[in-house]
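These numbers come from a predicted model, not from an experiment.
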Amino acid sequence: MMGFGMDAIPFITEPVSTTQVDGLPIYNFGIGHSNNIDAATVESFGLEWTKFNHFTDCEIEDIASRHYFDIVKPEWTENKRVLDVGCGTGRWTRFVAARALTVDAVDPSDAVETASKFLADRSNVRLSRAAVDELPFADTSFDFVFSLGVLHHIPDTSLAMKQCVSKLKQGGFFLVYLYYSFDNKGPVFKFLFRVSNGVRKIISGLNEGAKNILCDIIAVTVYLPLVFTGWCFKKAGLSKLAQQMPLHFYIGKTFNVIRNDARDRFGTPLEQRFTKNEIRLMMEDSGLTDIIFSDKEPYWHAVGKKE
C-alpha cells in the first residue's frame, strides 16, 4: 500500500497545529471561524465516537459494501485520491483506504483522535480536523468525495454539499447518505418516527452519562426485540413481513452496531431529513449529473458525477 508524500493533495492553508498521538498525526485547522456548524452536535459526536471506537474489519466490509458503496463502481476509487468529509471513527475511511491511492479524512470533532488510532495501520490516510466550509484543499483536487450520514447534521445541508462537490475534479463522483423523511413509507412508519423524534429531542439535551444510559436502554428494549422479531419472520420464510418491521435493517448486525446507531439516533441534537426528490435537487444544484439512488437501505444514499 502506498503512503502519502508525492501523492498527497497539498494543503492550501497551514494547519494551526499538528497533534501526534498514538496513531496517525492529526492536522488541526480549527473550527472556530466556521459559519455552518452546530457546536452541540459536533461535541456530541466527539463523545459518541470516543465511546464507540472500534469496529471489526468484517463489520465494516459487510456494511460498507452492502449498504453504502453498493452503487459505487470499483474503478471510481481504485488507485484514486479520495476525500471523506465527516469521517468520525474512520470506519468508511478504512474501507476505502484498502482500495484508494490516498484518502484525506476530515472531521470537526474529537472523533479524529479515535480515528488516528483506528487508522494507524493505514499509511495512505491523512487526518485533518476542520469544518466542511473550511476544507483545507484546493477546489477540483479529488477523484472521489464521500460524506455518509453527516451533512444532515449541518445547519445548511445544501451549502455543505456544494462545498464538498467543489473539491471534486470534473468527471469525479460524489457519494452521499442523508436521512430520509420516510417518503417511501406509510402512515404507521411516519407516526413512529414522530414519536421517536420527540424522544430524541429530550434525550439529546441531557448530560452525556444520562444520554448513554438511556440510549443503551433503547437499544436493548426497543431495537433488539424488533430486530429479533424480524429475524424470526425471516427464518420462518416470511421475508416480506420481516422487511415491513421497523428496524429490519439491523437484522444480522452485531449488538455493537445496534448500540452505536441507537446512540447516534437518539443522542444527536441536530438532525434534518429529506425526501428523495429534495436530495436529487440538492445534488443537481451542486453540479452533479448521472445521479443514481440505491434501492437498498439506508435511505437515501446516492452517487452523482460532477459535470
Is it true that [X] and [Y] have a side-chain N and a carboxylate O under 4.0 angstrom from each other?
{"X": "K253", "Y": "D261", "result": "no"}
{"X": "K306", "Y": "E284", "result": "no"}
{"X": "E271", "Y": "R273", "result": "yes"}
{"X": "E208", "Y": "R263", "result": "yes"}
{"X": "K167", "Y": "D143", "result": "no"}

Answer whether the closest heavy-atom distance between the side chains of [X] and [Y] falls below 4.5 Å.
{"X": "Y250", "Y": "L247", "answer": "yes"}
{"X": "C164", "Y": "L151", "answer": "yes"}
{"X": "N79", "Y": "R99", "answer": "no"}
{"X": "R126", "Y": "V103", "answer": "no"}
{"X": "S204", "Y": "T268", "answer": "no"}
{"X": "F95", "Y": "Y68", "answer": "no"}
{"X": "I203", "Y": "I218", "answer": "yes"}
{"X": "K211", "Y": "F266", "answer": "no"}

Scan side-chain atoms only and decide if [X] and [Y] contain a donor-acceptor pair under the 3.5 Å cut-off.
{"X": "T102", "Y": "N124", "answer": "no"}
{"X": "Q170", "Y": "T140", "answer": "no"}
{"X": "E297", "Y": "H248", "answer": "yes"}
{"X": "N28", "Y": "T19", "answer": "yes"}
{"X": "S196", "Y": "R265", "answer": "yes"}
{"X": "W300", "Y": "N184", "answer": "no"}
{"X": "H301", "Y": "D70", "answer": "yes"}

- Item | Under 3.5 Å: donor-acceptor pair, side chain of E278, backbone of T275 | yes
Check whether [X] and [Y] end up in the same hydrophobic cluster, where Ile, Leu, Val, Met, Phe, Trp and Tyr are linked by side-chain heavy atoms less than 4.5 Å apart.
{"X": "V176", "Y": "V165", "value": "yes"}
{"X": "I71", "Y": "F173", "value": "yes"}
{"X": "F193", "Y": "L270", "value": "no"}
{"X": "I291", "Y": "I279", "value": "yes"}

Below 6.0 angstrom between ring centroids: does that apply to [X] and [Y]?
{"X": "F11", "Y": "F29", "answer": "yes"}
{"X": "F144", "Y": "F142", "answer": "no"}
{"X": "F174", "Y": "F146", "answer": "no"}

- Task: Going by the side-chain contact (heavy atoms from CB on, under 4.5 Å) test, name the single residue among V132, D107, V106, D104 that passes it with V85.
- Result: V132
- What do the steps show when you test S181 against F274 for side chain to side chain contact (heavy atoms under 4.5 Å, CB included), and what is the final call? CA-CA 5 Å; S181 59; F274 304 91; 5.8 Å; no
- Passes side chain to side chain contact (heavy atoms under 4.5 Å, CB included), L192 versus F182? Steps please. CA-CA 10 Å; L192 291 174; F182 296 87; over 6 Å; no
- Message: Taking the cut-offs as 6.0 angstrom to the six-membered ring centre and 45 degrees off its axis, would you call R94 and F118 a cation-pi pair?
- Response: yes
- Task: Mark yes or no: K276 above the aromatic ring of F293, with NZ or CZ under 6.0 Å from the six-membered ring centre and no more than 45 degrees from the axis.
- Result: yes
- Query: Only one of D285, D156, T157 clears side-chain hydrogen bond (donor to acceptor under 3.5 Å, both in side chains) with K162; which?
  - Reply: D285
- Message: For W49 and N260: C-alpha separation, side-chain torsions, deciding distance, then whether side chain to side chain contact (heavy atoms under 4.5 Å, CB included) applies.
- Response: CA-CA 9 Å; W49 296 129; N260 179 198; 3.3 Å; yes
